[in-house]
Amino acid sequence: MNKLETSIGALKLKNPVMTASGTFGYGEEYSKFIDLNRLGAVVVKGISLNPMEGNPVPRIYETPSGMLNAIGLQNVGLKVFIEEKLPFLRRFDTKVIVNILGNTVEEYVELARHLEEAAVDAIELNVSCPNVKKGGIAFGTDLSAMGGLVEQVRAATRIPIITKLSPNAGNIAEFARVAENAGSDAVSLINTLLGLAIDPQTRRPRLANITGGLSGPAIRPIAVRMVWEVFRKVKIPIIGMGGIMDSDNAIEFILAGATAVAVGTANFVQPDACERIVDGLECYVDENGLHSIREIVGGMII
Amino acid sequence: MSRSFEAVVTENREVAVNHFRLTLAPDQEVTLPAPGQFYMLGITGGTDPLLKRPFSLFRLGKNGAINILYRVKGKATQIMTGLQPGSVLNLLGPLGNGFPNVEGKRPIIVAGGLGVAPLTALAESLRFDSPRIFVGARYAGDVLATDILSSIDSDISISTDDGSMGIQGVVTDAVNEYLASAGTSAQDHVIYGCGPRGMLRALAGLSDRYGIEGYVSLEEYMACGVGACLGCVTKTAGGYRRVCKEGPVFRIGEVIL
């Protein structure tokens, strides 16, 4: 029996390790460095109906134990994704979760319908990207707007829906509860924390977008705390993320209440980070005499 | 062959004020790099600095030794100066696309400042095509690798902003003079450049004026180095392209400088 097997609603995963959207492209680049078959799921770069150009450069800047990014959701758009990117990912024995974003409820609904037809395994509603003015975050910072969006997408599709929550929007547990009540199968958290770095010499912001999303180990304690807060408020599964670099970090999230974890910035540092984390989790369950990783979800001892 | 490997530091020597040459011996058989390709170097294995840093191939040494030329600029390069022989670093590479070979054309190699790093590898590979080499820097202390380059082109042209070495002025003026004196044979050349954006823009102007094909290598902040994060894009006629994946070498005319 596979001790790492878990599930996000109806979505069965061979292990709880997935890639975080926006850090793994559409899987092609990293397939040269890791065996995608070993991943629980690949969560692809956010997809919009039409291609998006993204923000001007500089788009990234490293900060202590973290990085700021303001990519601006550059993506190939739905059509190219389905025709050119998805078939590649389908060659692997891993689940494909598609992160989607739009400016209106109708756009999300249309994306969800087409992706269900294309037989993706789940969709992740991006309502929390901090780096674009329109869309995404407009839904993620308003409880009723987000609830309405999730309801409409829920009504339009039967595939599992994951709502990705922002840490920049007030009480994250409230948003999680609204997502749950509106029919979301799971929540994923946290998206990046809004940050700013300034060059003291030029007095200009380090990023062309001025602000950017902070990720990496610097944000991990905040992310773990938020997972724990959400875990106490909702019954649906949580996908925890924020600065996971190794399997111990992943265990931390699981103990706080995450059913699965997503690895983001660590991929940039070590292209085989996800595979190492799967290895580490296998060791952990054996060393701790667990029958299943699920035994320790929310298992923090107080 | 995996493009992710470990390499042992065999030498880390200050070759000019604030500039070091790092020599790395891969621990396994690795893919041979082409001039213009680059490596992502893991500096500490810790979280600060967190990301790997991109460095282009400066020279390929004996037994596949990878030589990197770096300027001490920020935290990561400061830490790099302390690397001792025997230290083990994690590398990704070779990454990106190198400079293309253009048959039947005489290469004009134009390096600004640290742009000399990838162009030294190129000059060595084009040694038998009689490349003309032009090097520009702010002052004499920033003129690098001329010992190697002058062994390839004995007529190497050096320009400095303050005139402390070679001609006083910008390197592209020297290139312009050369092309102007070449008359109709100017079109028998191909330009390869790496350096500050201003210099690359001037090179693009020369490429246009003399109707010469040219290629430039760009620099940008990178996180992943393999095309996934979309952090290092540059504007081209066809929209944003990734410097790490479609570049770092772009054709002049395609890239918007």
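Throughout, a chain's letter reflects where its sequence line sits, starting with A, and its residues are numbered from 1.
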### Message
Whether the side chain of Glu220(B) engages the backbone of Pro58(A) through a donor-acceptor N/O pair (distance < 3.5 Å, no angle test) should be reported.
### Response
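Checked: no pair found.
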### Query
Arg59(A) side chain to Leu230(B) main-chain N or O, any donor-acceptor pair under 3.5 Å?
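Judged by distance alone, yes, a pair lies under 3.5 Å.
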### Message
How long is the straight-line distance from CD1 of Ile60(A) back to SG of Cys224(B), given to the nearest 0.5 Å?
### Response
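These two atoms lie 8.0 Å from each other.
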### Task
Measure the spacing between OH of Tyr221(B) and CE of Met67(A) and express it to the nearest 0.5 Å.
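Answer rounded to 0.5 Å: 12.0 Å.
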### Query
Considering heavy atoms only, which positions within residues 269-282 of chain A lie below 4.5 Å of chain B?
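Hits under 4.5 Å: Val269(A), Gln270(A), Pro271(A).
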In this structure, are over 12 heavy atoms from other groups packed under 6.0 Å from [X] atom [atom1]?
X	atom1	answer
Gln37(B)	CD	yes
Arg204(A)	CZ	no
Asn63(B)	CG	no

### Greatest number of heavy atom pairs closer than 4.5 Å to chain A - which of Leu92(B), Asn90(B), Thr47(B)
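Between Leu92(B), Asn90(B), Thr47(B), the count favours Thr47(B).
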### Query
Does the side chain of Tyr240(B) come within less than 4.5 Å of Pro56(A)'s, by heavy atoms?
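Yes, side chains in contact.
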### Query
Is there a side-chain contact between Leu50(B) and Met245(A) (heavy atoms, below 4.5 Å)?
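Leu50(B) vs Met245(A): side chains touch.
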### Message
With a 4.0 Å cut-off on N to O distance, would you call Glu62(A) and Lys52(B) a salt bridge?
### Response
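Looking at Lys52(B) together with Glu62(A), the answer is no, because their closest N to O distance does not fall below 4.0 Å.
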### Query
Tell me, side chain or backbone of Tyr26(A) under 4.5 Å from chain B's heavy atoms, or both, or neither?
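Neither part.
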#### Entry: Under 4.5 Å from any heavy atom of chain B - which part of Phe33(A)
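Side chain only.
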### Message
side chain to side chain contact (heavy atoms under 4.5 Å, CB included), that's the test. Do Phe24(A) and Cys229(B) meet it? Break it down for me.
### Response
CA-CA 7 Å; Phe24(A) 210 74; Cys229(B) 75; over 6 Å; no
### Message
As an exercise: rank Gly22(A), Pro217(A), Ser65(A) by heavy-atom pairs under 4.5 Å with chain B and give me the winner.
### Response
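Among Gly22(A), Pro217(A), Ser65(A), the one with the most close pairs to chain B is Ser65(A).
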### For Val57(A) against Gly231(B), the heavy-atom pair lying closest together
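Minimum heavy-atom contact is CG1-O, 4.1 Å.
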### Query
Does anything in residues 242-257 of chain B get under 4.5 Å of chain A by heavy atoms, and if so which residues?
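Listed by number, the contacting residues are Arg242(B), Lys245(B).
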